[in-house]
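Note sheet for the following structure.
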Amino acid sequence: MRIRPELEFYARDSLKVARDLLGAHVTSRVAGTDTTIRITEVEAYRGQEDPGSHAYRGETKRTAVMFGPPGHLYVYFTYGMHWCMNVVCGATGTASAVLLRAGEVVSGLEAVRERRVSARRDIDLARGPARLTTALGLDGSANGLNLLSPQATVQITCEPDGSGAVRASQISTGGRVGVSGPGGDGDTYPWRLWITSDPTVSQYRPGKVRRR
DNA sequence: CGGCTGATGGACT
DNA sequence: GTCCATCAGCCGA
């Protein structure tokens, strides 16, 4: 039987939390309907230490939730139309978080298909951060939601030992393009994690330089 | 399958 | 103004 993690689970380093969120379940209750997704891909962000984080340049109205207590959702709006969800990690005052990038629908398939009509195959229903958020029926109104509250309309559950039950040998990691390493040599941090060979993991695409 | 591009709006310089 | 922690649709192979 899965458990709802305590505060200590989220208060750790975001990279550790990211690992343990692989295989965990996210459940949303929207309009009386429950939807559960098994997390298959995540990305760790390290706040003000991380040039790739929204919180890198300090606290703003938008990033305020990330500077708050762990175990809350940071949901942001991007590209004029998409919502993506993060779980806030680390101690209060630090701004680390884990972005949920992809997952497999475990239950509530009917509702998810209604929300994701463009998805041809079931593996595409939550394959990508904005798709996953849409699949759960969430948007900016979930920003700041406290996952630790038993009454919360979004819950995350994992195995009793505090893991998502994915063996380390089944976890792959990769770097994030566009984020330089400490030496400025172009190395990237391996802070993208996914379940090896899982078909619902999003295809990694380096950010392309776009011009008009 | 892979590559390319428009959509669309808020945050930040 | 410019930059996005993106996605869907279209095109060619």
Side-chain angles (χ1 to χ4, degrees), chain A residues 13-15 17-19 21-22 26 37 39-68 70 72-90 94-105 112-145 172-181 187-194 197-212:
Chain A
D13 182 282
S14 61
L15 192 54
V17 178
R19 254 185 70 107
L21 284 177
L22 287 175
V26 200
I37 287 177
I39 300 167
T40 58
E41 180 188 359
V42 296
E43 206 161 67
Y45 285 85
R46 310 197 71 185
Q48 298 192 87
E49 302 170 14
D50 180 1
S53 170
H54 289 166
Y56 182 57
R57 298 184 189 285
E59 182 174 348
T60 64
K61 192 171 209 171
R62 176 206 204 186
T63 62
V65 173
M66 279 198 283
F67 286 85
H72 289 237
L73 290 184
Y74 164 54
V75 185
Y76 69 89
F77 185 65
T78 192
Y79 289 101
M81 62 191 106
H82 301 302
W83 295 98
C84 297
M85 58 190 294
N86 296 249
V87 178
V88 177
C89 303
T94 66
S96 63
V98 174
L99 171 68
L100 306 187
R101 290 199 56 91
E104 169 194 5
V105 177
V112 175
R113 283 186 178 137
E114 287 179 12
R115 297 175 187 137
R116 294 272 304 115
V117 288
S118 63
R120 299 276 180 163
R121 308 169 295 179
D122 282 356
I123 60 169
D124 292 323
L125 288 170
R127 193 187 206 195
R131 292 168 172 178
L132 183 151
T133 304
T134 298
L136 288 169
L138 301 177
D139 58 24
S141 63
N143 188 41
L145 183 147
S172 298
T173 65
R176 303 173 307 172
V177 169
V179 179
S180 300
D187 284 348
T188 55
Y189 300 103
W191 289 345
R192 179 188 298 261
L193 298 85
W194 64 93
S197 301
D198 191 291
T200 65
V201 170
S202 69
Q203 185 72 30
Y204 179 63
R205 277 175 249 234
K208 285 196 169 61
V209 180
R210 304 279 296 276
R211 61 173 296 278
R212 46 176 293 111

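Just so we're clear, the structure is a prediction, and the values are computed from it rather than from any experiment. Each chain gets a letter, A, B and so on, in the order its sequence line appears, and its residues count up from 1.
The side chain of A:S118 contributes an N or O atom lying less than 4.0 Å from OP1 or OP2 of C:dA8. Taking side-chain N and O atoms only, A:R192 has no distance below 4.0 Å to OP1 or OP2 of C:dA5.
You'll find the side chain of A:R46 reaches within 4.5 Å of the side chain of A:S14, heavy atoms only. In this structure, the side chains of A:Y74 and A:R62 come closer than 4.5 Å at one or more pairs of heavy atoms. In this structure the side chain of A:N86 never reaches within 4.5 angstrom of the side chain of A:H54, judged on heavy atoms. Counting heavy atoms from C-beta on, the side chains of A:Y76 and A:L99 come closer than 4.5 Å. At least one side-chain heavy atom of A:L73 sits under 4.5 Å from a side-chain heavy atom of A:V87.
Taking atom CE of residue A:M85 and atom P of nucleotide C:dA5, one finds them 18 Å apart after rounding to whole Å. Put simply, NE2 on A:H82 is 14 Å from P on B:dG10, counting in whole angstrom units. Here the P atom of nucleotide C:dA5 and the CG atom of A:L73 are 19 Å apart, to the nearest Å. As rounded to whole Å, 15 Å separates atom P of B:dG10 from atom CG of A:N143. Between the CH2 atom of A:W83 and the C1' atom of C:dT6 there is a distance of 14 Å, given to the nearest Å. Atom CG of A:L125 is separated from atom P of C:dA8 by 10 Å (rounded to the nearest Å). Straight-line distance from the CG atom of A:L132 to the P atom of C:dC7: 10 Å, rounded to whole Å. Remark: P of B:dA7 and CE of A:M81 are 9 Å apart, rounded to the nearest angstrom.
Between the side chain of A:R116 and the backbone N or O of A:D124, at least one donor-acceptor pair lies under 3.5 Å. At least one donor-acceptor pair under 3.5 Å links the side chain of A:R115 to the backbone N or O of A:A135. Put simply, the side chain of A:R127 gets close to the backbone of A:V201: a donor and an acceptor are under 3.5 Å apart.
Across all strands shown, A:R116 has heavy atoms under 4.0 Å from sugar-phosphate atoms exclusively, and none from any base.
Taking the side chain of A:F77 as heavy atoms from C-beta on, and the options B:dC1, B:dG10, C:dC4, the nearest nucleotide is B:dG10. For A:S53, taking side-chain heavy atoms from C-beta onward, the closest of the listed nucleotides B:dA7, C:dA5, B:dG10 is C:dA5.
Taking CE of A:M81 as the start and OG1 of A:T134 as the end, the distance is 11.5 Å to the nearest 0.5 Å.
Consecutive Watson-Crick or G-U pairs involving DNA chain B, each under 3.5 Å on both distances, make up stems of three or more pairs at B:1-7 with C:6-12, B:9-12 with C:1-4.
With hydrogens and angles ignored, no donor-acceptor pair closer than 3.5 Å exists between the side chain of A:Y79 and the base of B:dA7.
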Under-3.5 Å N/O pairs linking protein and nucleotides 11-13 of chain B:
from   : atom 1 : to    : atom 2 : distance (Å)
B:dC12 : OP1    : A:T60 : OG1    : 2.6

